[in-house]
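In what follows, a structure is listed as structure tokens, so that the remarks can point back to it.
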Amino acid sequence: MRTRDVLGYSFSAIKLRKLRAGLTTLGVVIGIAAIVALLSITQGLQDTITMQLETGLATDTLIVSPGAGAFGGGQDGGGFGGGALGGADSGFRLLINDTQTINGLSTDILTSTALIQRSGYINSTENERVTTIVGVDFSEYKNIYSTTFISESGEIPDTPDNNMIIIGKRVNERQNGTVLFTAGEDVQILWTNATARPPQNESYTAHVAAVLQEVGGFAFGGPSDNNIYIPITTAQEFFNTSECETIIVKLANSDQATIDAVSKLITNEFAGEVSTISSTAVLNLLGSVFSIIELFLVGIAAISLLVAGIGIMNIMIVSLIERTREIGILKALGMKSRTVLGIFLGESVIIGVIGAVIGIALGWVLANIVATVLSSGAISIGTGGGAGPGGDLLSITPVLTPMVFLGAFGFGVGVSVIFGLYPAWRASKLKPVEALRYE
Amino acid sequence: MALIVEAVDLKKTYMLGKIPVEALRGVNLKIESGDFLAILGPSGSGKSTMLNLIGALDKPTAGTLLIDGVDVSTLNDNQLSDLRRRVGFVFQFFNLIPRLTARDNVELSLSIADIGKAERKKRAEELLETVGLKDRIKHKPAELSGGQQQRVAIARALANNPRFLLLDEPTGNIDSKTAREIMRLVKRLNTEKGVTIIMVTHDQQLAKEAKRTVQMFDGVITSDVVN
């Protein structure tokens, strides 16, 4: 019997039991829709976060901070280790002039620059904001983050006066668009020295040299919309320290091999008292975290598909029993056993294909609805971090990759085939004489 | 005349639960092409078993059964299917597929034999015309009378130009007037189209319509006469 005729016959049998077939199909639809929706949202979320991260990160940089244990440091991954917290115990301090040591380690290191970070306030006569004060060498920082450390108004000086500051976009602007400070304005910088006995409030009058363009994304060593920047020399004096929190290292290239080699050099140089983080490693770590989340979600969705598969098997066995006599007739007319198998399997496959197609479409629609709800701000997820103003709204665009599309389709049809196989096999094995006698 | 069925010491035992039932206990029978044979006997005489074996729906327990010169007991599942396609079976309860129209029921037989759509349609309509159902081709079995359903079944049985037509109590489920019409059709197929007919019945009157009557009792042939 021709394949087309076999499928046609299967279809005529399904049409006869529309409600039953419809409900069975619904099971597949729900399973596939869940898989597609979850995967495309997760993929969209991952893309959004990765993109935000990439905006704030330069792939040819390494971030060195005190403390053993790495945050996904070298190529062997590693988790969120002790990091900065663990470092305090050993008494190790990363110094500003350690940059000189680092610069001399390898020709792959183009330059390095130190960052001092404190929480503090920026005040004008009308406005006050909590912010993170970052002491940095303006010209080096500009050199490393040439695409993000750019002024929107004013100018970033290469050799700044001691009292010059640069303000991140969101420090300068409320979310409703109110501008708080302008380039050229004088402001007060405040900081509380909590380690002094008694705690000491320090302040000085600064001059806003520039306001940064919006960076977007996560600040991760790189410029952030939520920080203000002051010259490192001023920071040293103001915070009364020669230590730094972070050293940013600019590499000659962003090869994994270079990143690993330099990471190792730096870690060894400081006898394991520092950890290095490469943005690539962060992205990789993020990717693997998302893989686990995806696997978990798909696992849950797959259970619903499994239930759908059992539904198919159930319905096909019922159908087989109801149609025993019909099978006898078909065999008496000379239909081969494998054609009978084909007809019954065809019915499951048709249910699977229809279920998968509708499921994919429904899943896609669901993913978009969820994404719209998330993006519209009904649920807001802060991405700003730190002491900045309210976080960004996470805008997710669901992504349906061909892999997910084909995978979901294949999975749906595969489940139907697997669970349809047994009933079909039983149908094909019926003996014509006995089947014809069946009432 | 070519020999199309030859049974030699044919035996069939099947299990009814745990009790073996000897349905055929050594049957010898020869049927030639163009014959019209009635197998007559009370229920339990083994006539239906005989029909199932000739129709390749079942295999004999012992003895040989040659259909078209081929020993049925040597055939595998696939080969049996092929053989069944060359046999036209007409059942007492019609056994049409309820969801298919008269034409689709006839076409089903043709599509099993790998015939293409266009030819199927043409041939099915011709066959339904032959059995006098030209105006009923789009009716489903439930919309047809018993006699009409049996005509569809005959058309379906004839679809693949079978070597012979096997009729199992063909009029057992229809009224006597319609039964006569069906018998007229069967006789016409035999005399005009030369179709070999093997009919099982317990009806003496009906058996007289055949050219030859084989009487069975208790699993053996007790008489074989030409009418």
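Owing to the predicted nature of the structure, the values given are computational and were not obtained by experimental measurement. Proteins get letters first, then strands, A, B, ... in listed order; numbering begins at 1 in each.
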For chain A, find which of B/A113, B/S48, B/G116 contributes the most heavy-atom pairs closer than 4.5 angstrom.
B/G116

B/R99 NZ/CZ over A/Y9 ring centroid, <6.0 Å and within 45° of normal
yes

Rounding to 0.5 Å, atoms CG (B/L108) and CG (A/D5) come to a distance of 9.5 Å

Quick one: what part of A/R4 sits under 4.5 Å from any heavy atom of chain B, side chain, backbone, both or neither?
neither

Using heavy atoms and a sub-4.5 Å threshold, report which of residues 290-313 of chain A line up against chain B, by residue number.
none

From CD (A/E326) to CG (B/N95), nearest 0.5 Å:
10.5 Å

Side chains of B/F89 and A/L333: does their closest heavy-atom pair fall under 4.5 Å?
no

Which region of B/N52, side chain (C-beta onward) or backbone (N, CA, C, O), has a non-hydrogen atom less than 4.5 Å from a non-hydrogen atom of chain A, or is it both or neither?
side chain

What part of A/L436 gets closer than 4.5 Å to chain B, counting heavy atoms only: side chain, backbone, both or neither?
side chain

Using a cut-off of 6.0 Å, state whether more than 12 heavy atoms not belonging to B/H139 lie near its atom NE2.
yes

Heavy-atom side-chain proximity of A/P432 to B/R84 below 4.5 angstrom:
yes

Check each atom of B/R156 against the heavy atoms of chain A and say whether the ones under 4.5 Å are side chain, backbone, both or neither.
side chain

Roughly how far apart are B/S81 OG and A/K331 NZ, rounded to 0.5 Å?
6.5 Å

A/S12 versus chain B, heavy atoms under 4.5 Å apart: side chain, backbone, both or neither?
both

Heavy atoms from other residues, nucleotides or ligands near NZ of B/K140 exceed 12 (cutoff 6.0 Å):
no

Close side-chain approach of B/I112 to A/T339, heavy-atom, < 4.5 Å
no

Going by an N to O cut-off under 4.0 Å, is there a salt bridge joining B/D58 and A/K431?
no

What residues of residues 412-428 of chain A sit under 4.5 Å from chain B when you count only heavy atoms?
none

Does some side-chain heavy atom of B/Y14 sit less than 4.5 Å from a side-chain heavy atom of A/E434?
no

B/M15 atom CE, over 12 foreign heavy atoms within 6.0 Å:
yes

Measure distances from B/L96 to the heavy atoms of chain A and classify the residue's part below 4.5 Å as side chain, backbone, both or neither.
backbone

Rounded to the nearest 0.5 angstrom, the CZ-CD1 distance for A/R323 and B/I97 is 8.5 Å

Paired with A/K336, the salt bridge (charged side-chain N to carboxylate O under 4.0 Å, His left out) test is passed by just one of B/D114, B/D82, B/D77, namely B/D82

